[in-house]
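The structure appears right after this line, and notes come after that.
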2 protein chains.
Amino acid sequence: MATGRHHRPATSRSRGIPEATVARLPLYLRALMALSERSVPTVSSEELASAAGVNSAKLRKDFSYLGSYGTRGVGYDVEYLVYQISRELGLTQDWPVVIVGIGNLGAALANYGGFASRGFRVAALIDADPALTGKPVAGIPVQHTDELETIISENGVSIGVIATPAGAAQQVCDRLVAAGITSILNFAPTVLSVPEGVDVRKVDLSIELQILAFHEQRKAGEELPGAEEEVDPAPHPVSPPAATVTKRETKRDGRDSNRDSGRGTGRDAKRPDSGPDGDLPAVMPA
Amino acid sequence: MATGRHHRPATSRSRGIPEATVARLPLYLRALMALSERSVPTVSSEELASAAGVNSAKLRKDFSYLGSYGTRGVGYDVEYLVYQISRELGLTQDWPVVIVGIGNLGAALANYGGFASRGFRVAALIDADPALTGKPVAGIPVQHTDELETIISENGVSIGVIATPAGAAQQVCDRLVAAGITSILNFAPTVLSVPEGVDVRKVDLSIELQILAFHEQRKAGEELPGAEEEVDPAPHPVSPPAATVTKRETKRDGRDSNRDSGRGTGRDAKRPDSGPDGDLPAVMPA
DNA sequence: ATGTCTTTGTGAACGCGTGCACAAAGATAC
DNA sequence: GTATCTTTGTGCACGCGTTCACAAAGACAT
């Protein structure tokens with residue numbers, strides 16, 4: 001309970017630009033700036049789309065939300081479009097950013113070049129470790145967490161980056177929000193709860209890898225024509241699952257369950273009680 | 001167009017688990033392991049959902065794709081569910097991973113604890129800089145790029161992490177794929193093109209910040225009822241886009257040669273100046 | 001001018017994802 | 001056994017996002 005709203009009305013009803021489109025604008029902008037760098041005057045939707053790795057129809061529709069900035073029969077003026085997208089994204093103004101948690105990751109972020117390239121500027125580095133205080137990272141001296149509120153209000157910071165351990169993230173988040181931050185980029189592997197009106201985006205290495213692993217496993221399974229899937233047929237020769245849990249016995253041990261007949265949709269999956277296919281024991285087996 | 005396929009059929013038609021669900025499974029798993037740590041035997045969809053920061057109906061529907069693992073009137077068995085999700089994600093097996101590009105970010109990733117926690121294991125660190133070769137990072141000696149193919153084939157690596165500068169990413173990507181990698185996590189700010197069958201997920205700090213900036217700008221605009229917003233009312237005195245780069249050569253590679261000489265007139269830029277909708281005509285202010 | 005050619009902008013159809021709301025299933029009490 | 005209560009599993013509807021396909025718009029040629 002009390003978990004903060006995770007998202008806005010999602011409709012972005014104010015100016016009617018779909019979220020999915022907003023998420024792609026930076027991609028287009030990057031491609032356009034590369035073209036600009038090479039002094040290319042105009043691009044067609046087809047060219048730009050392939051440079052950005054998207055479908056050309058999608059790109060045109062995305063741009064249509066911004067207005068009609070193209071010329072039929074010719075394409076889009078690169079410089080003009082760069083400016084329009086930059087303005088739409090709010091990149092024509094300066095965005096001071098604070099990074100909280102200057103460990104390996106925080107330091108890497110501070111050093112990241114692409115940071116300052118656009119309108120973003122690292123206003124301060126903050127860490128709870130007194131040993132770090134004053135030490136320069138990426139040319140910026142680390143400040144102690146005690147200064148957090150002061151730094152944010154004095155610099156008018158509205159975007160914060162959390163690169164702390166998971167345990168400290170929610171606490172840091174709360175302080176950031178209380179201090180006036182309204183946008184957070186979270187690198188800690190935790191679900192942050194924030195009041196309405198505060199945006200949170202998360203970057204989670206572990207989750208990304210797990211998603212890749214899922215697809216990887218599926219690929220490996222399909223590879224073989226033999227219809228092996230569902231219940232893992234092959235006992236893994238690798239180490240048993242790192243179940244560090246090993247807690248007390250599950251009092252509800254008789255959990256056999258079973259695999260229903262695949263896609264149970266269409267008919268309510270009758271769950272054959274005490275199925276004959278004794279699947280797996282209650283907890284992480286070998 | 002030669003540009004690689006961007007995505008799969010997106011439907012994951014093989015086993016019918018929606019992509020959106022797969023992306024949430026790691027979230028559930030994390031919440032479940034926290035519960036397991038505290039020896040909680042069962043959870044309701046409501047509790048687990050709030051811990052994972054999602055809607056309970058969504059969670060139930062997600063789990064329904066995996067099978068019927070709950071008990072009505074009670075909830076879900078934590079240990080059992082941990083195992084089921086782990087298995088579904090392929091986390092019951094060992095996934096060796098290589099990290100290419102051991103700069104600030106690559107080193108931070110190598111040191112990242114959550115990496116090895118699950119089935120993932122850093123099999124090797126690879127960098128093109130000879131000065132780094134042999135130096136241990138996070139306890140693992142960096143190996144030179146020359147060894148890339150050998151490392152991957154000998155260790156049976158199928159997942160690669162790219163943490164190189166943008167310029168090197170595609171090249172590294174091509175070598176990884178040629179060596180047998182079929183899943184890539186890309187931290188370089190570039191669109192990678194890969195052959196079909198290879199999965200790419202990207203993590204892009206700059207894009208995330210730009211998305212936040214967009215919302216931040218919108219918030220600031222709505223804040224004041226009748227204040228500044230919309231298109232900036234003060235259009236810049238029109239100055240030709242030729243500002244920064246005045247090159248004009250259209251010698252772009254073939255395929256558009258049909259109208260090469262045509263638009264060469266010095267002041268060709270004549271796009272929607274003073275367009276019908278009366279928006280601003282200006283361009284990027286340098 | 002008229003015609004042809006290229007490329008945009010968008011209406012419309014479709015599919016996926018989300019959330020509601022409720023019947024079904026099991027636990028628990030009696 | 002029956003009744004009640006809790007919580008799952010899912011049918012259904014709705015809205016967002018993607019894609020197709022084409023008319024409209026402008027450039028260019030004659």
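Not measured: the values here are computed from a predicted model. Letters A, B, ... mirror the listed sequences (proteins, then strands); counts begin at 1.
- The side chain of B:Arg60 has D:dT8 as its nearest neighbour among D:dG17, D:dT8, C:dG9.
- Toward the 5′ end of DNA chain C lies the nearest nucleotide of A:Tyr76, the other residue of the pair A:Tyr76 and B:Thr21 mapping further downstream.
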Walk me through whether A:Ile207 and B:Leu27 qualify under side-chain contact (heavy atoms from CB on, under 4.5 Å). CA-CA 7 Å; A:Ile207 286 181; B:Leu27 232 52; 3.3 Å; yes
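- Within the 6.0 Å centre-distance limit, the rings of A:Tyr69 and A:Tyr80 are counted as a close aromatic pair.
- With contacts defined as side-chain heavy-atom distances shorter than 4.5 Å, the pair B:Val78/B:Pro41 does not qualify.
- Under 3.5 Å, the side chains of B:Glu216 and A:Thr182 contain a donor-acceptor pair of N or O atoms.
- Within the nucleic acid shown, B:Phe63 has no heavy atom closer than 4.0 Å to any nucleic acid atom.
- Among C:dG9, D:dT19, C:dG17, the nucleotide with an atom closest to any side-chain atom of B:Glu19 is C:dG17.
- Taking the charged nitrogens against the carboxylate oxygens, B:Asp199 and A:Arg218 have no contact shorter than 4.0 Å, which rules out a salt bridge.
- Distance from the side chain of B:Ser45 is smallest for D:dT8 among the nucleotides D:dT8, C:dA27, C:dT8.
- Residues A:Pro195 and A:Val198 meet the side-chain proximity criterion, which asks for heavy atoms closer than 4.5 Å.
- B:Asp77 places its CG atom 15 Å from the C1' atom of C:dA27, with the value rounded to the nearest Å.
- Side chain A:Lys61 to base D:dT19: a donor-acceptor pair is found below 3.5 Å.
- Rounded to 10 degrees, the angle separating the terminal axes of the helix from C:dA1-D:dT30 to C:dC30-D:dG1 is 0°, with each axis obtained from five end pairs.
- Nearest-nucleotide positions on DNA chain D place A:Ala20 closer to the 5' end than the other of A:Ala57 and A:Ala20.
- A sub-4.0 Å separation between OP1 or OP2 of D:dT7 and a side-chain N or O of B:Tyr69 is absent.
- Closest approach to the B:Arg72 side chain among D:dA21, D:dC20, C:dG26 is made by C:dG26 (side chain taken as heavy atoms from C-beta onward).
- Considering only the side chain of A:Lys58, D:dT19 comes nearest among C:dC20, D:dT19, D:dG9.
- Closest-nucleotide positions on DNA chain C for B:Gly73 and A:Ser64 were compared, and the one nearer the 5' end corresponds to A:Ser64.
- Using modelled atom types, one finds no donor on one side chain facing an acceptor on the other under 3.5 Å when comparing B:Glu46 with B:Ser50.
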